Amino acid sequence: MSIKNEYLNSLMDRVVARNPAEPEFHQAVREVLASLVPVVEARPEFIKEGVMDCLVEPERIIKFRVPWEDEQGNVHVNRGFRVQFNSAIGPYKGGLRFHPSVYEGIIKFLGFEQIFKNSLTGLPIGGGKGGSDFDPKGKTDLEVMRFCQSFMTELFKYIGPDTDVPAGDIGVGGREIGYLFGQYKRLRNEFTGVLTGKGLTYGGSLARTEATGYGLCYFTDCMLKGAGKSFEGAVAAISGSGNVAIYACEKAVQLGAKVVTMSDSGGYIYDKNGIDLPLIKRLKEVERKRISAYVDIHPEAEYHPGCAGVWQVPCGIALPCATQNELDLNSAKALIANGCFAVAEGANMPCTPDAVDAFQAAGVLFAPAKAANAGGVATSALEMSQNSMRFYWTFEEVDDHLRRIMTDLYRNASSAAEQYGSPGDLAAGANIAGFLKVGESMLAYGIV
Ligand code: NDP
Ligand code: 2IT
């Protein structure tokens with residue numbers, strides 16, 4: 001992807017030189033800078049006043065040792081990270097990812113994307129992200145608790161309800177948030193909304209669990225309707241079987257689609273009768289099993305090892321909800337050849353840049369992650385509001401806010417795309433609309 005502006009192009013070269021061996025971070029920055037070319041050409045002060053240079057440099061990176069002891073008495077040492085990327089429009093906000101693939105470049109790419117996503121929600125939240133190379137898979141509850149307590153024993157120094165509010169991401173769900181919150185509360189001796197995605201008995205928001213997947217479908221519904229299409233009667237392929245995938249499946253079915261695939265890092269299932277979601281919830285949310293166990297209960301469904309094969313299954317709507325770069329050019333070609341008419345990113349950066357180009361060139365409707373999966377963090381911000389008020393809203397109230405936020409977000413991304421010369425390009429529109437609010441605020445602050 002080329003950046004057709006001399007200054008931004010040289011800035012990109014500097015990002016690569018100063019952040020070596022971080023390809024995911026480079027990929028995320030390149031995509032945003034390429035779409036901001038018309039903005040800096042209309043508003044050269046964003047370059048002159050140093051906003052673009054500051055935008056690509058995290059305000060702060062915290063990196064720490066996380067020692068913990070397993071049930072056999074062996075000591076393990078993991079790495080913990082928190083990237084506090086940009087606080088121009090609010091406290092740093094973004095999830096924590098626990099996965100063996102985590103290193104600084106992954107957290108930087110996620111933290112960078114979070115700046116624009118959070119701005120797009122229209123709520124006052126800055127961009128941050130954190131995590132660890134700890135793998136919760138195969139660990140006992142006690143081991144996960146010990147790890148989370150050790151992680152928070154360092155992290156608590158740097159976060160707070162008005163400073164930085166972490167939440168979940170891959171490998172961090174309700175169980176982990178409980179252990180992390182318990183340790184924060186103990187260390188600080190205060191009860192505040194310092195984390196979101198909390199349990200409902202201790203300050204969590206109704207509908208936060210469902211929010212990312214539901215929001216993805218609300219956004220996709222707007223995009224489909226804008227093109228005279230809908231979920232009704234469509235076949236959908238979903239990858240992943242975690243928090244985002246499960247609730248995307250639930251809402252897609254409620255909106256009239258038939259979901260025929262789900263996956264995990266081992267492989268994918270194809271159920272031509274439509275996925276049995278209560279079974280997936282039991283396998284994944286309760287029993288923490290592999291998705292291959294689905295065919296023990298449904299022998300008429302198919303299990304295929306390897307996750308990329310999921311995109312070979314014919315579908316009208318594809319919702320990648322697992323991880324970054326899970327859908328490449330070959331997969332995009334297969335989807336296009338099989339008649340796919342819409343792709344909406346539930347995961348962060350799941351489509352490779354050449355896959356996105358292929359979709360757009362083929363006229364496939366494309367909803368970028370920063371816009372399409374913003375419902376999760378938006379609802380986290382609603383959790384923060386409820387915590388500050390010492391009050392709670394009903395499921396319907398939160399869900400209504402979420403639907404309105406996703407609808408407004410779709411309108412804002414569409415109109416920014418049109419205003420800056422790429423009508424229909426929601427990826428460009430989301431980057432531009434997300435940037436403008438942050439960029440204007442940074443201009444207002446001067447050089448800080
Ligand atoms: P979960 O941990 O609940 O689920 C992740 C799912 O993706 C699992 O099915 C997992 O399979 C699969 N997966 C993870 N890594 C890989 C990999 N390297 N290759 C193939 N499959 C993989 O995470 P979430 O559902 O919360 O997150 C999914 C995506 O959505 C991530 O990109 C996350 O950043 C993004 N997201 C999450 C939000 C949230 O609110 N939770 C909000 C916005 C975006 P396995 O179990 O085998 O590892
Ligand atoms: O990528 C994301 O937006 C998230 N993992 C959710 C972050 C949050 O603070 O709710």
Side-chain angles (χ1 to χ4, degrees), residues 24 90-102 106-107 109-118 120-121 123 125-131 135-138 164-177 193-198 204-205 207-216 219 238-249 262-269 280-281 283-285 288-292 306-310 319-327 345-351 369-384:
E24 298 85 0
Y92 310 105
K93 180 85 198 85
L96 297 171
R97 177 177 292 191
F98 292 171
H99 193 271
S101 63
V102 164
I106 291 280
I107 303 300
F109 119 64
L110 290 163
F112 182 72
E113 299 249 300
Q114 204 82 40
I115 303 169
F116 308 94
K117 182 197 305 193
N118 293 6
L120 282 166
T121 66
L123 300 167
I125 39 178
K129 200 84 187 191
D135 186 359
K137 256 191 229 107
D164 184 354
V165 182
D169 193 80
I170 290 176
V172 178
R175 174 182 61 171
E176 291 75 17
I177 294 290
V194 68
L195 293 166
T196 60
K198 298 187 290 298
S205 173
R208 174 62 189 91
T209 304
E210 293 82 357
T212 311
Y214 279 23
L216 172 68
F219 186 92
I238 294 183
S239 64
S241 49
N243 173 264
V244 180
I246 286 175
Y247 293 95
C249 179
M262 290 187 92
S263 67
D264 63 18
S265 54
Y268 72 95
I269 50 165
I280 294 280
K281 285 187 180 177
L283 292 175
K284 287 294 175 179
E285 293 183 334
R288 297 181 189 276
K289 285 199 173 144
R290 308 309 299 158
I291 205 159
S292 53
C307 23
V310 70
L319 303 175
C321 294
T323 196
Q324 64 276 352
N325 293 327
E326 56 164 308
L327 196 168
E345 297 186 314
N348 286 308
M349 208 167 76
C351 299
K370 289 185 204 84
N373 74 28
V377 75
T379 307
S380 278
L382 300 177
E383 182 171 328
M384 291 164 71

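When a ligand or atom number is given, it counts from 1 through the structure's own listing order. Because the structure is a prediction, the values reported are computed rather than measured.
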Close-contact set for ligand 1 against Gly346 heavy atoms, below 4.0 Å: 30 (O), 35 (C), 44 (C)
With only distance considered, is Gly171 within less than 3.5 Å of ligand 1 through an N or O on each side? yes
Atom 41 (N) of ligand 1 [closest protein heavy-atom partner, distance rounded to 0.1 Å]: Asn243 OD1, 3.6 Å
Atom indices of ligand 1 within 4.0 angstrom of Arg97 heavy atoms, with elements: 31 (C), 32 (O), 33 (C), 34 (O)
Does ligand 2 have an atom that lies less than 4.0 angstrom from a heavy atom of Gln114? yes
Quick one: does Ala374 get a heavy atom under 4.0 Å from ligand 2? no
With respect to Arg208, determine whether any N or O atom, backbone or side chain, lies less than 3.5 Å from an N or O atom of ligand 1. yes
Against ligand 1, does Arg290 come closer than 4.0 Å with any heavy atom? yes
Give the residue and atom name of whichever protein heavy atom lies nearest to atom 10 (O) of ligand 2, and the separation in Å to one decimal. Ser380 OG, 2.5 Å
Show me which atoms of ligand 1 lie under 4.0 Å from any heavy atom of Cys321. 28 (C), 29 (C)
Once rounded to the nearest 0.5 Å, what's the spacing between atom NZ of Lys137 and atom CZ of Arg288? 11.5 Å
Between Ser265 and ligand 1, is there a nitrogen or oxygen pair with a distance under 3.5 Å? yes
Could you tell me the residue and atom name of the protein heavy atom closest to atom 13 (N) of ligand 1, and the distance to it rounded to 0.1 Å? Ala322 CB, 4.1 Å
Residue Ala347 vicinity, atoms of ligand 1 by number, heavy atom under 4.0 Å: 29 (C), 30 (O), 32 (O), 35 (C)
By the definition side chain to side chain donor-acceptor pair (under 3.5 Å), identify the one residue from Gln324, Lys117, Lys370 that meets it with Asn348. Lys117
Checking heavy atoms under 4.0 Å, the part of Leu110 that sits near ligand 2 is neither
Identity and separation of the nearest protein heavy atom to atom 27 (O) of ligand 1: Ile170 CG1, 3.7 Å
Among protein heavy atoms, which sits nearest to atom 16 (C) of ligand 1, and what does the distance come to when rounded to 0.1 Å? Thr323 CG2, 3.7 Å
Taking C-beta and beyond as the side chain, do Val244 and Asn373 meet within less than 4.5 Å on heavy atoms? no
Could an N or O of ligand 2 be found under 3.5 Å from any N or O of Ala167, whether backbone or side chain? no
Out of all atoms in ligand 1, which are within 4.0 Å of some heavy atom of Cys307? Include the element for each. 20 (C)
In terms of residue, atom name and distance, what is the protein heavy atom nearest to atom 4 (C) of ligand 2? Lys129 NZ, 3.7 Å
Please assess Asp169 against Lys129 for the test side chain to side chain contact (heavy atoms under 4.5 Å, CB included), listing each intermediate value before the final yes or no. CA-CA 9 Å; Asp169 193 80; Lys129 200 84 187 191; 3.0 Å; yes
Any N/O pair Asp169/ligand 1 closer than 3.5 Å: yes
for atom 39 (C) of ligand 1, nearest protein heavy atom and its distance come out as Thr212 OG1, 3.5 Å
Between Met384, Glu383, Lys117, Arg208, flag the one that comes closest to atom 6 (C) of ligand 2 by a heavy atom. Arg208
Test of understanding: given a 4.0 Å heavy-atom threshold, classify the contact between Gln324 and ligand 1 as side chain, backbone, both, or neither. neither
Before signing off on this row, confirm whether Asn348 and ligand 1 have an N or O atom pair separated by under 3.5 Å. yes
Nearest-0.5 Å distance, CG of residue Leu195 to CE of residue Met384: 10.5 Å
Output the distance between atom CD1 (Ile246) and atom OG (Ser241), rounded to the nearest 0.5 Å. 6.5 Å
Output the list of atoms in ligand 1 that are nearer than 4.0 Å to some heavy atom of Gly240, sorted by atom number. 9 (O)
Flag Ser241 as yes when one of its N or O atoms lies below 3.5 Å from any N or O atom of ligand 1, and as no otherwise. yes
Test of proximity, Val244 against ligand 1: N or O pairs below 3.5 Å: yes
Side chain, backbone, both or neither: the part of Ser263 lying under 4.0 Å from ligand 1 by heavy atom: backbone
Within this structure, what is the CG-CD1 distance for the pair Leu283 and Ile269, rounded to the nearest 0.5 Å? 8.5 Å
Quick one: nearest non-hydrogen protein atom to atom 7 (C) of ligand 2, plus distance? Gly95 N, 3.5 Å
Among all protein heavy atoms in this structure, tell me which lies nearest to atom 9 (O) of ligand 2, with the distance rounded to 0.1 Å. Lys93 NZ, 2.6 Å
What protein heavy atom lies closest to atom 6 (C) of ligand 1? Include the residue and the distance to one decimal. Gly242 N, 4.0 Å
Tell me: protein heavy atom nearest atom 15 (N) of ligand 1, and distance? His99 NE2, 3.7 Å
With heavy atoms only and a cut-off of under 4.0 Å, state how Ala369 meets ligand 1: side chain, backbone, both or neither. neither
Atoms of ligand 1 under 4.0 Å from any heavy atom of Lys137, numbered from 1 in the order shown, are 45 (P), 46 (O), 47 (O), 48 (O)
